[in-house]
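For reference, the structure discussed in these notes is given below.
Fair warning: this is a prediction, and the values are worked out from it, not measured in the lab. Letters A, B, ... are given to chains in the order of the sequence lines, protein chains preceding strands, and every chain is numbered from 1.
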Amino acid sequence: MTRPRRCDRPGALLPSGFRMFAVAMNLFETFSARISRALTQLADRGDIPAGLSFARVVVEPTRDPAHGDLAINAAMVLAKEAGTNPRALAALLVEELARDPDVAKAEIAGPGFINLTLQPAVFTGILKSAIEAGLDHGRGALRPDPKINVEYVSANPTGPMHVGHGRGAVFGDALSSLLAFAGHAVSREYYINDAGAQVDVLARSAFLRYREALGEEIGAIPEGLYPGDYLKSVGESLAKTYGESLRGKPESEWLVAVRAAAIDGMMAMIRDDLAALGVVHDVFFSERSLQAVDGNIDAVRETIEDLRSRDLIYEGRLPPPKGQKDEDWEDREQTLFRATLFGDDVDRPLLKSDGSYTYFANDIAYHRSKFVRGFAEMIDVWGADHGGYVKRMAAAVKAVTHGEGSLDVKLCQLVRLLRNGEQVRMSKRSGDFVTLREVIDEVGRDAVRFMMIFRKNDATLDFDLAKVVEQSKDNPVFYVQYAHARCASIFRQAREAFPGIDLSPTVLAQADLSRLTDEAEIGIIKMIAAYPRMIDAAASAHEPHRVAFFVHELASAFHSLWNKGKDSPQLRFVNQTDRESTVARLAFVHAVRSVLASGLAVVGVAAPEEMR
RNA sequence: GGGCCCGUAGCUCAGUUGGAUAGAGCAGCAGCCUUCUAAGCUGCUGGUCGCAGGUUCGAAUCCUGCCGGGCUCGCCA
C-alpha cells in the first residue's frame with residue numbers, strides 16, 4: 001500500500017491551512033505539535049519551568065460548537081507544575097496561539113480550557129486534501145513497528161459455525177482491517193483446535209457416517225457423538241476413498257485417517273462459511289503441528305522445558321475450587337505453571353492425568369510460536385465464555401516472551417438471534433441449530449457484518465433477522481449503504497444536468513470550496529476532518545465498532561442535509577442554473593462518499609452505487 | 001466462595017480512552033408532508049449515569065466497598 005505523497009507540491013500560493021494539512025491530514029495531531037511548540041517557547045522565555053512533560057496535553061474536538069473547533073487542556077494539566085494557576089497559564093498560551101494564521105480566535109473558557117476557532121480555510125483545505133486522497137483519506141502512514149498478530153474465529157473443526165462464531169469472525173476481520181488502515185502491518189491468524197479429544201469424537205462420528213454411506217443401518221446417533229447431518233458428506237467421501245477396507249477394523253487402525261479426513265472436511269466447510277462472510281485469514285495454524293506427530297518437533301515440550309529451566313514450572317497440588325461441587329475432586333500432584341508470578345490467581349496445570357498436554361499447555365506453545373515468528377503484539381478474539389482464561393494466557397505470554405510481548409484479549413459477548421423481536425431458539429441438542437451460514441443466506445453478508453460490528457464487543461447483541469433487511473431509516477445497514485448510493489446517484493444526476501461535465505477528483509479538488517457555507521455543510525466537513533483521528537483512536541483502542549458508528553453518523557448528517565434541499569432549493573447538490581456551485585457541492589459529495597466507502601471497507605461492507 | 005464482563009432516557013445503545021450544560025435512534029407528544037434529488041421531514045418531552053465513599057482543577061469514565069444481571073472456576077476446547 002503506497003500512500004500518495006504531496007509534500008513536494010508548491011505551497012506558496014495556497015492558503016496556509018492547505019499547505020499544512022496536505023502533509024499531515026490529522027488536524028488534531030497537527031495542532032498538538034503546534035501547541036507543544038508554543039509551550040516550548042514559553043519555557044525558553046522562562047515563562048514556565050523547563051522540562052515539563054506535555055504527555056497529558058490533549059487536543060480534542062469541542063463537544064459544543066459554541067466552543068469553537070478545538071479544545072486544549074494544557075493550562076489545567078500543567079498549571080500546578082508550572083507554579084501558576086490555569087487561567088494565567090492559559091492567557092500566556094492564548095497569546096502565543098493567536099499568532100497562528102490558521103487560528104481565527106483563541107479564548108479561555110471554563111476552568112482553563114483554551115478554545116480555538118479555526119479559519120474556514122483550514123477546513124476547506126482539509127476537504128480539498130480529502131477529495132484528492134479519496135479512499136486514502138484517514139489512512140495512517142505505514143509504521144515501522146513489527147507486525148501485529150490478530151487471532152480470530154479459531155472455531156473447533158467439529159461442525160459448522162454458529163452465529164456467535166460469526167461475531168468473533170467479523171470483529172477480528174474488521175479489527176485487522178482497521179489496524180492495517182491505521183498503518184500497522186497485520187497478520188490474521190486462525191488457530192485450528194485439531195489436537196484434543198473433541199476431534200477424536202468427531203472422527204468416531206464420521207466413522208459412523210462412513211458405515212452409513214456403505215449402506216449400513218446406523219440408527220440414532222449415540223449420545224456423546226456429533227449428530228449433525230454435515231458429517232454425511234465426510235462419510236461418503238471416506239466410503240469413496242477406502243471402500244470397505246476400514247469396515248469392522250478396530251479404531252486404532254482407522255482413527256488417524258478418519259480424523260484427518262473429518263478435520264479436513266470440517267475446515268473446508270468453515271472456510272467456505274468464512275468466505276461467504278468475506279472474512280479472510282493469512283495463516284491457518286494447526287494445534288496438532290505443535291506436537292511430536294508427523295515428524296514435527298515437539299514445540300509444547302520445548303516450551304515446557306524452557307519454562308522449567310527458568311523455574312517457572314513445578315510439581316505441586318492445587319486447592320479444590322471453593323463453593324463448587326467437589327465430589328469427584330481428586331487431590332493429586334501435577335505439573336504446574338507458576339502463573340501467579342505473572343498476575344494470575346492460581347498456578348495452572350500443563351499435563352492431564354493421562355500424561356497428555358492440557359489445552360493450555362498447547363496454547364502457551366502456540367503463543368510462544370507467535371513471538372518466535374516475530375509478533376510481539378498479539379490480539380486474541382474469543383467468545384465471552386472463555387473470559388476466565390484471559391489471565392492465565394496473559395501470564396503465559398509474559399513468561400514466554402520474557403516480558404517483551406503483549407496480549408490483548410477481546411471478548412465477544414453472545415448474540416441473541418431474533419425475528420421480529422421474538423427470540424429464535426438455537427438448540428444444539430439435535431444438531432439442527434441455526435448456523436451462521438443460514439443467517440448469511442437469509443439476510444446477506446453485508447447485514448450480518450454491519451450488525452455484528454454495530455455494537456461494542458463486550459455488550460450482548462440482539463440480531464433481528466427481520467429488521468436488518470428492512471429498507472428504512474431504522475435499519476443501520478441500509479441507512480449507511482443508502483447514503484453512499486445517494487452520493488453516487490447525485491453524480492449521475494449531475495452528469496445528466498451538465499452533459500460532458502468533468503467530475504474527476506482532480507477537477508473537483510480545484511472547485512471553489514469556500515461556497516460551502518451552510519451550517520449543515522460545515523458540520524459534515526468537520527466530520528470528514530475528524531475521520532483520521534477517529535481511525536487512530538479506534539485502532540489503538542482495538543475498537544472497530546467506532547468506525548461503524550462514525551459512518552452511521554455521517555450518513556445521518558448527509559441524509560439530513562439532503563432533505564434540507566427540499567425546503568431550500570439553493571442547498572441542492574445539483575443546480576441546473578449554477579454550474580460552479582454544482583461543482584463545489586459535488587466535490588463535497590465526493591468527499592462524503594469516499595469517507596463512507598472507506599469506513600464501510602474497514603467494516604467489510606459493500607458500498608453500493610445504487611440500491612433499487 | 002473466587003475471578004472476569006456488564007449496569008447510562010420507557011426500550012435498544014453510544015459516550016472521542018479523565019473534560020465544559022451526559023448524546024443518538026426507536027417509542028411518546030406537536031406540527032409539516034397532495035414530491036420541485038429515491039424508501040418522509042422538523043421540533044419538543046424524557047436522566048439521582050445501579051448505590052455509597054475516595055483520588056483531583058474536573059469522574060459516566062480511574063480506585064475501594066456494596067446491590068443487581070451474565071460468563072466462568074484441575075484432567076473441555
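The P atoms of B:rC66 and B:rC4 are separated by 13 Å, rounded to the nearest whole Å. Going from the C1' atom of B:rG69 to that of B:rC51 covers 16 Å, rounded to whole Å.
Residues in residues 62-73 of chain A take part in these side-chain hydrogen bond (donor to acceptor under 3.5 Å, both in side chains) pairs, two or more places apart or across chains: A:Asp69-A:Lys526. Within the structure, side-chain hydrogen bond (donor to acceptor under 3.5 Å, both in side chains) pairs that include any residue of residues 76-93 of chain A do not occur (at least two apart or interchain). For residues 343-353 of chain A, the side-chain hydrogen bond (donor to acceptor under 3.5 Å, both in side chains) pairs, not counting sequence neighbours, are A:Tyr314-A:Asp347, A:Thr340-A:Asp347, A:Asp344-A:Arg348, A:Asp345-A:Lys391. Among residue pairs with one or both ends in residues 533-546 of chain A, those qualifying as side-chain hydrogen bond (donor to acceptor under 3.5 Å, both in side chains) are A:Asp408-A:His542, A:Glu543-A:Arg546; sequence neighbours excluded.
Shown here are the side chain to side chain contact (heavy atoms under 4.5 Å, CB included) partners of A:Gln291, two or more places apart in sequence or in another chain: A:Ala195, A:Val300, A:Tyr357, A:Asn362. Under the side chain to side chain contact (heavy atoms under 4.5 Å, CB included) criterion, A:Ile48 pairs with A:Leu39, A:Leu42, A:Ala43, A:Leu52, A:Ala82, A:Leu89, sequence neighbours left out. For A:Tyr152, the ring pair (Phe, Tyr, Trp, His ring centres under 6.0 Å) partners are A:His281, not counting sequence neighbours.
Consecutive pairing runs in RNA chain B reach the stem threshold at B:1-7 with B:67-73, B:10-13 with B:23-26, B:28-32 with B:40-44, B:50-54 with B:62-66, where a stem means at least three Watson-Crick or G-U wobble pairs with distances under 3.5 Å.
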Atom pairs under 3.5 Å, N or O on each side, protein against nucleotides 29-36 of chain B: can you list them with distances?
| residue | atom | partner | partner atom | Å |
| --- | --- | --- | --- | --- |
| B:rC36 | O2' | A:Arg572 | NH1 | 2.5 |
| B:rC36 | O2 | A:Arg572 | NH2 | 2.7 |

Give each protein N/O atom lying under 3.5 Å from an N/O atom of nucleotides 75-77 of chain B, with the pair distance.
| residue | atom | partner | partner atom | Å |
| --- | --- | --- | --- | --- |
| B:rC75 | O2 | A:Ser353 | OG | 2.6 |
| B:rC76 | O2' | A:Gln198 | NE2 | 2.7 |
| B:rA77 | OP1 | A:Ala197 | N | 2.8 |
| B:rA77 | OP1 | A:Lys352 | NZ | 3.4 |
| B:rA77 | O2' | A:Asn156 | OD1 | 2.4 |
| B:rA77 | O2' | A:Asn156 | ND2 | 2.9 |
| B:rA77 | O2' | A:Asn193 | OD1 | 3.3 |
| B:rA77 | N3 | A:His386 | NE2 | 3.1 |

Taking only N/O atoms, report every protein-nucleotides 6-9 of chain B pair under 3.5 Å with atom names and distance.
none

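For the segment residues 67-78 of chain A, the set of residues with a heavy atom within less than 4.0 Å of an atom of RNA chain B comprises A:His67, A:Ala71, A:Asn73, A:Met76, A:Val77, in numerical order.
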